[in-house]
Amino acid sequence: MEVIIKKNYEAISEEAARVVKERLLEKPDLVLGLATGSTPLGLYKELVRMHREEGLSFKKVRTFNLDEYYGLSPDHPQSYHYFMNANLFSQIDIDLANTHIPDGLAKNVGKYCLEYEEKIEKCGGIDLQILGIGRDGHIGFNEPGSSLASRTRIKTLEEQTVKDNSRFFKSIDEVPRYAITTGVGTVMDSKEIILLASGKNKAGIIAKAIEGPVTSQITASILQVHPQVIAILDEEATSSLKRKDYYKFVEEGVKKFKKHV
Ligand code: PGA
């Protein structure tokens with residue numbers, strides 16, 4: 001795992017957007033795995049800016065979102081459909097037919113989830129997956145105890161997650177208790193992954209996910225065995241990492257090396 005430590009939220013957003021842009025220029029029909037929540041907002045803002053000011057085109061890009069609350073319709077202001085349209089899709093030149101978000105109103109959920117997996121496969125798999133991390137270590141909505149080989153399915157949300165996400169709803173009772181989420185196995189099949197985290201309240205879980213043992217109790221810890229993960233984290237989110245100085249030392253080395261080749 002490459003650990004990149006930046007000063008603050010703005011800097012991690014810019015760095016993540018820089019990597020997305022680089023991959024997009026290499027492969028205009030990139031298959032992007034997208035995340036919701038507060039963390040990727042800055043990245044999406046920066047991608048919108050790059051589209052407007054630098055002409056970065058998303059015309060051929062295919063996207064798959066990690067998850068959606070079960071029971072929310074796409075026009076619900078807290079649905080991830082709404083989030084993606086408001087914060088990214090409506091502001092770039094993407095073809096909406098190429099975007100995929102789990103259907104929070106799917107009826108035959110088992111069949112629906114299998115079909116979501118098949119669609120990813122048909123596109124050739126996810127090239128670059130963007131991830132945030134929950135305070136319980138979840139990636140997507142893969143809560144503690146999720147199988148590390150899991151695929152897309154319906155999950156019950158952890159109490160911590162319901163509490164954390166209640167800030168977006170009028171009351172905690174309105175927070176859905178279930179979500180359709182791609183699995184840990186689905187995420188691990190991505191060719192490359194960017195893990196983003198910012199702020200003090202992520203420091204404890206980032207230390208466990210990056211430096212602790214690999215365990216289904218912290219599903220993000222499985223990223224340690226993925227061959228191509230870039231963790232882009234800010235100073236606050238890395239304040240509990242034991243080997244922080246080492247990651248900075250390595251990153252300096254990588255920069256110098258890149259200048260030589
Ligand atoms: P956040 O959520 O970006 O709003 O902190 C992250 C997550 O739950 O995956």
Side-chain angles (χ1 to χ4, degrees), residues 6 8-17 20 32-47 64-70 72 77-84 86-88 101-102 104 126 129-146 150 152 155-169 172 174-184 186-188 190 193-210 216-223 229-240:
K6 295 280 176 191
N8 54 27
Y9 178 68
E10 202 182 7
I12 65 162
S13 302
E14 281 169 11
E15 177 65 14
V20 173
L32 261 179
L34 297 175
T36 49
S38 315
T39 310
L41 274 174
L43 159 64
Y44 297 155
K45 216 171 136 195
E46 181 61 10
L47 290 177
F64 287 90
N65 266 75
L66 283 169
D67 45 22
E68 176 61 287
Y69 288 119
Y70 191 66
L72 295 195
Q78 294 314 329
S79 74
Y80 291 161
H81 279 79
Y82 192 97
F83 175 104
M84 289 311 305
N87 295 301
L88 188 64
I101 304 174
I126 289 168
Q129 174 69 58
I130 308 297
L131 290 179
I133 183 169
R135 288 204 299 151
D136 61 3
H138 69 214
I139 46 176
F141 271 132
N142 292 289
E143 301 286 32
S146 293
S150 52
T152 305
K155 282 292 292 177
T156 308
L157 304 186
E158 257 272 309
E159 213 181 332
Q160 174 82 64
T161 303
V162 171
K163 272 188 203 149
D164 284 351
N165 291 4
S166 66
R167 70 189 193 276
F168 300 113
F169 292 81
I172 194 159
E174 282 185 24
V175 185
R177 277 5 187 210
Y178 304 95
I180 292 181
T181 181
T182 56
V184 181
T186 322
V187 169
M188 289 296 283
S190 311
I193 296 173
I194 292 178
L195 173 68
L196 286 171
S198 164
K200 256 192 257 148
N201 70 345
K202 295 287 170 73
I205 198 63
I206 278 294
K208 285 183 186 158
I210 293 180
S216 66
Q217 298 309 304
I218 295 168
T219 53
S221 65
I222 191 69
L223 298 175
V229 176
I230 312 176
I232 307 176
L233 316 163
D234 68 9
E235 285 288 349
E236 285 189 350
T238 51
S239 54
S240 299

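None of these values were measured; they are calculated from a predicted model. Each ligand, and each atom within it, is numbered from 1 in the order the structure gives.
- For I133, every heavy-atom contact with ligand 1 shorter than 4.0 Å involves the backbone, none the side chain.
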Show your reasoning for whether side-chain contact (heavy atoms from CB on, under 4.5 Å) applies to N165 and Y69.
-> CA-CA 11 Å; N165 291 4; Y69 288 119; 3.0 Å; yes
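- The CD atom of E46 sits 11.0 Å away from atom CD of E15, with the distance rounded to the nearest 0.5 Å.
- A distance of 8.0 Å separates CG of L34 from CG of L66, quoted to the nearest 0.5 Å.
- Residue T39 approaches ligand 1 through these ligand atoms, each under 4.0 Å from one of its heavy atoms: 1 (P), 3 (O), 5 (O).
- Using modelled atom types and a 3.5 Å distance limit, the side chains of T36 and N65 yield no donor-acceptor pair.
- A side-chain contact (heavy atoms from CB on, under 4.5 Å) with L43 holds for exactly one of T39, L47, L41; it is L47.
- Checked by distance only, ligand 1 and T36 stay at 3.5 Å or farther apart across all their nitrogen or oxygen atoms.
- Applying the 4.0 Å criterion to heavy atoms of H138 picks out, from ligand 1, the atoms 7 (C), 8 (O), 9 (O).
- Taking a 4.0 Å cut-off on heavy atoms, K202 registers as neighbouring ligand 1.
- Close contacts of ligand 1 with R167, meaning ligand atoms under 4.0 Å from a residue heavy atom, involve 4 (O).
- Within the structure, ligand 1 lacks Q160 among the residues with a heavy atom less than 4.0 angstrom away.
- Aromatic ring centroids of F83 and F168 lie 6.0 Å or more apart.
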